[in-house]
Amino acid sequence: MKRRREELDQLRAANVNPYPYEYERNATAKEILAAYKDEMPQWIVSVAGRIMSMRRMGKASFAHILDMTGRIQVYLKKDDLGEPYDHFKLLDIGDIIGVEGYVFRTKTGEVSIHAQRYVLLSKSLRPLPVVKEKTDEQGNKTTFDPFQDKELRYRQRYVDLVVNHEVRDTFIKRSMILRQMRRFLDEKNFLEVETPALQPIYGGASARPFETHHNALDIPLFLRIADELYLKRLIVGGFDGVYEIAKDFRNEGMDRTHNPEFTMMELYVAYRDYKWMMELVEQMVFSIAQSLNDSATVKLGDNEINFTPPWQRLTMFGSIEKYSSKQLRGKNEAELRAIAKELNIDLDPKIGTGKIIDEIFSVVVQPHLIQPTFIMDYPVELSPLAKKHRSEEGLVERFEGFVNGQEICNAFSELNDPLDQRARFEEQVKLRERGDEEAQTMDEDFLRALEYGMPPTAGLGIGIDRLVMLLTQQDHIRDVIFFPQMRSEK
RNA sequence: GAUCGCGUAGCUCAGCGGUAGAGCAUCUGCCUUUUAAGCAGAGGGUCGAUGGUUCGAGACCAUCCGCGAUCACCA
């Protein structure tokens, strides 16, 4: 760094502004590489990017510059550039330059830019990790000294993005997934809305919240764990279809599939039920996969996941019976515990029948759900915001979508009976009093809204990060979040 | 939160009781179509931190900090 500071001073002494204000480009690396033909007339281009490699040979040099679309080689010759060529010696890998010149093909066949002018756009003071690549005759790429220290990559994501192009590709795909999701929902005339992230009462999910304090009002506030209760208030208010793509915050452990802040898409549609919502989910995910990879399938390890609708549909009890031959329907707590024991599943003695069934499901069934599958009809105790099943006693109209053994969405026919909802909240309050920190809290204002009347409504939540993981073949949530949560440095 | 593993040059790593190393990057010289450019030379380190054991610690021990993996909690 010290050396680069000196170079900076030398450049200034030579009247080179190391930090000019703008640069006019008319092409990108990718466009040039795609469009260039040997027989075309002289093509003058102007590009800008970061120097990623340099090969200096006295009075001529080659360098690769990287812009958002990729890398392209530039060729700089003293004969063509004159005095500024000497300043080029003061440049380093990591500096950002603009280059104007004509496109040509080198002796070794690489399409490159023969510079007629170049300008320093930003001097880099901190050395970038240098990653080299070799492509052999078969076209296989070997990477030398890759920048792979996970801690550095996550703490200094900007470096990771510069140096590891596949990381950048993943995040571009993330953005495309969100774009296609919005396009799909907007075409159906659902309104994208915004609801509070700071909430006096948190609800809509079972999780522990982050707590903060508002000074002016002198009240505690919670970061939302879900948008659900606010979006339903909007359905009460007369909107037929609303969705929100937002960060939720849950004060819990971190691992492969959990980050304390994560992105959720929630959608509520009036006059629809969960069966309608299943079809919407299939179509939406299918359209996203199509637009992303031009294919309905994604390869994950040994599995080829096919998102083409319709997806397999199983009831929760049916799926347990399918994979374990155990019939759980109508069993009481003692009977369920006995079955769990037969299946070698350890259970917390405090949990009730709903959670026992869920636990058995997650061990016995979930790992088998590789191809997209909807699991329907959950026990009522697990789902305090879902509507009672129209024909099955003790169940609610709820489904979750599973792909590759992981849940990607959760949806219900929304509970709109205010008296039932109050009773469900009261159950939750009892659980909380018994020490269940994740039990939901009574929300009187939400109940008041329901008392005014909410139409029949279907609701959906999709964990965006996990969907992105699936579609980009990443197996850690940190690899689809730009700046994952880390402990503070030092 | 628990268990195990890791932390050495800008990056990737070797060294595992006896003078801190390699490749790339950097610097100097040569080089006007190179591409992991090449050739010749040079510089670069609180070995994560603090204590301890030892004649001697990068290495052994303890504690702490950070990261990772697995598990637990959790969608």
Side-chain angles (χ1 to χ4, degrees), chain A residues 1-4 6-7 52-64 71-81 85 89-90 92-94 104-114 124-136 141-156 159-160 163-164 204-208 225-226 248 250-260 262 264 346 348 351 355 358-359 361-362 366 382-383 400-402 405-410 436-438 461-463 465-467 475-478 484 486-490:
Chain A
M1 266 185 70
K2 188 180 161 212
R3 212 207 74 252
R4 291 191 176 200
E6 289 163 10
E7 287 171 349
M52 298 305 288
S53 68
M54 279 203 279
R55 290 169 293 284
R56 285 193 260 240
M57 300 165 300
K59 297 187 181 64
S61 298
F62 284 93
H64 273 99
R71 291 180 186 223
I72 191 162
Q73 183 171 249
V74 297
Y75 177 54
L76 302 100
K77 219 160 73 157
K78 181 160 172 127
D79 291 349
D80 298 322
L81 298 169
Y85 182 80
K89 287 184 193 147
L90 298 171
D92 295 288
I93 289 174
F104 76 114
R105 189 182 293 275
T106 65
K107 265 186 193 166
T108 50
E110 181 168 352
V111 173
S112 307
I113 300 170
H114 189 126
S124 160
L125 295 181
R126 199 178 278 275
L128 216 51
V130 175
V131 178
K132 295 195 172 185
E133 258 184 9
K134 182 186 179 127
T135 309
D136 65 19
K141 278 190 178 172
T142 318
T143 304
F144 297 87
D145 303 327
F147 177 61
Q148 58 190 9
D149 183 290
K150 287 209 162 94
E151 181 175 3
L152 283 176
R153 286 185 44 218
Y154 298 135
R155 288 196 192 280
Q156 302 185 28
V159 175
D160 192 27
V163 156
N164 294 325
S206 302
R208 279 153 38 196
I225 59 172
D248 288 345
R250 299 188 184 174
N251 204 342
E252 280 155 0
M254 298 159 57
D255 63 22
R256 232 168 50 71
T257 54
H258 297 83
N259 194 64
F262 61 100
M264 182 85 106
D346 280 337
D348 185 330
I351 64 176
K355 281 204 172 180
D358 193 40
E359 189 63 35
F361 169 82
S362 67
Q366 204 172 326
L382 284 177
S383 320
E400 294 188 329
F402 290 86
Q406 286 211 3
E407 184 216 329
I408 60 159
C409 71
N410 182 17
D436 184 348
E437 280 186 87
E438 275 123 29
I462 290 191
D465 309 280
R466 291 179 184 182
L467 181 66
D475 61 6
H476 207 296
I477 196 167
R478 280 183 314 226
M486 302 281 276
R487 225 177 282 266
S488 310
E489 284 183 83
K490 287 283 154 71

With a 4.0 Å cut-off on heavy atoms, is [X] in touch with a base, just the backbone sugar-phosphate, or nothing at all?
X	value
Lys77(A)	base
Phe147(A)	sugar-phosphate
Arg478(A)	sugar-phosphate
Gly463(A)	nothing
Gln73(A)	base
Ala205(A)	nothing
His476(A)	sugar-phosphate

If we only count heavy atoms from C-beta on, is the [X] to [Y] side-chain gap below 4.5 Å?
X	Y	result
Gln366(A)	Phe361(A)	yes
Glu110(A)	His64(A)	yes
Gln73(A)	Arg55(A)	yes
Arg256(A)	Asp475(A)	yes
His258(A)	Arg466(A)	yes

Please pick, from [options], the nucleotide with the shortest atom-to-atom distance to any side-chain atom of [X].
X	options	value
Ile93(A)	A25(B), U32(B), U12(B)	A25(B)
Arg155(A)	G66(B), U12(B), C73(B)	G66(B)
Lys150(A)	G68(B), U33(B), U32(B)	G68(B)
Glu7(A)	C73(B), U33(B), C27(B)	C27(B)
Ala60(A)	U32(B), C67(B), U12(B)	U32(B)

Taking donor-acceptor contacts at under 3.5 Å, does the side chain of Asp255(A) reach the base of C73(B)? yes

Counting distance alone, no hydrogens or angles: does the base of U34(B) have a donor or acceptor under 3.5 Å from a partner atom on the side chain of Glu110(A)? no

[X] [atom1] to [N] [atom2], straight-line distance once rounded to whole Å:
X	N	atom1	atom2	result
Leu90(A)	U28(B)	CG	C1'	14 Å
Asn410(A)	C74(B)	CG	P	16 Å
Phe62(A)	U33(B)	CZ	P	7 Å
Lys134(A)	U34(B)	NZ	C1'	14 Å
Leu152(A)	G10(B)	CG	C1'	10 Å
Asp475(A)	A69(B)	CG	C1'	12 Å
Arg256(A)	C73(B)	CZ	C1'	16 Å
Arg153(A)	C11(B)	CZ	C1'	14 Å

Pick the [atom1] atom in [N] and in [M], then give their distance to the nearest Å.
N	M	atom1	result
G45(B)	U53(B)	C1'	25 Å
U50(B)	G18(B)	C1'	24 Å
U46(B)	C11(B)	P	12 Å
U70(B)	G52(B)	C1'	32 Å
A9(B)	G5(B)	P	22 Å
G1(B)	A36(B)	C1'	46 Å
G58(B)	G17(B)	P	13 Å
C30(B)	C47(B)	P	37 Å

Please lay out, stage by stage, how Leu128(A) and Met52(A) fare under the test side-chain contact (heavy atoms from CB on, under 4.5 Å). CA-CA 9 Å; Leu128(A) 216 51; Met52(A) 298 305 288; 4.2 Å; yes

Report yes if a side-chain nitrogen or oxygen of [X] is closer than 4.0 Å to either non-bridging phosphate oxygen (OP1 or OP2) of [N]; otherwise report no.
X	N	result
Gln148(A)	C13(B)	yes
Arg3(A)	C27(B)	yes
Arg250(A)	C73(B)	no

Taking all heavy atoms of [X] and all of [Y], pick out the closest pair and write down the distance.
X	Y	value
Ile72(A)	Val111(A)	CG1-O, 4.0 Å
Met254(A)	Pro260(A)	CG-CD, 3.5 Å
Asp358(A)	Leu382(A)	CB-CD1, 3.7 Å

Answer yes or no: is there an ion pair linking Glu359(A) with Lys355(A), defined by an N-O contact shorter than 4.0 Å? no

Can you classify the ring geometry of His114(A) versus Tyr75(A) as parallel (below 30°), tilted (30 to 60°) or perpendicular (above 60°)? perpendicular

In this structure, CG of Asp160(A) is separated from NZ of Lys150(A) (nearest 0.5 Å) by 11.0 Å

From Met57(A) CE over to Phe62(A) CZ, what is the distance, rounded to the nearest 0.5 angstrom? 5.0 Å

For Watson-Crick and G-U wobble pairs within 3.5 Å on both distances, what is RNA chain B written in dot-bracket notation, | included for inter-strand pairing? (((((((..((((....[..)))).(((((.......))))).....(((((..]....))))))))))))....

RNA chain B nearest-nucleotide lookup for Asp79(A) and Pro146(A): closer to the 5′ end is Pro146(A)

Ranking Ala63(A) and Val131(A) by the position along RNA chain B of their nearest nucleotide, the one closer to 5' is Val131(A)

Could you check whether atom CG of Asp79(A) has more than 12 heavy atoms from other residues, nucleotides or ligands sitting under 6.0 Å from it? yes

At a cut-off of 3.5 Å, list every protein nitrogen or oxygen paired with a nitrogen or oxygen from nucleotides 1-7 of chain B, distance to 0.1 Å.
none

Any protein N or O atoms within reach of nucleotides 37-44 of chain B? Criterion: under 3.5 Å, listing atom names and distances.
{"residue": "A37(B)", "atom": "OP1", "partner": "Lys132(A)", "partner atom": "NZ", "Å": "2.3"}
{"residue": "A37(B)", "atom": "OP2", "partner": "Arg55(A)", "partner atom": "NH1", "Å": "3.3"}
{"residue": "A37(B)", "atom": "N6", "partner": "Arg56(A)", "partner atom": "O", "Å": "2.9"}

Apply the side-chain contact (heavy atoms from CB on, under 4.5 Å) test between Pro129(A) and each candidate in Val159(A), Asp149(A), Leu152(A), Ile93(A); give the one that qualifies. Val159(A)

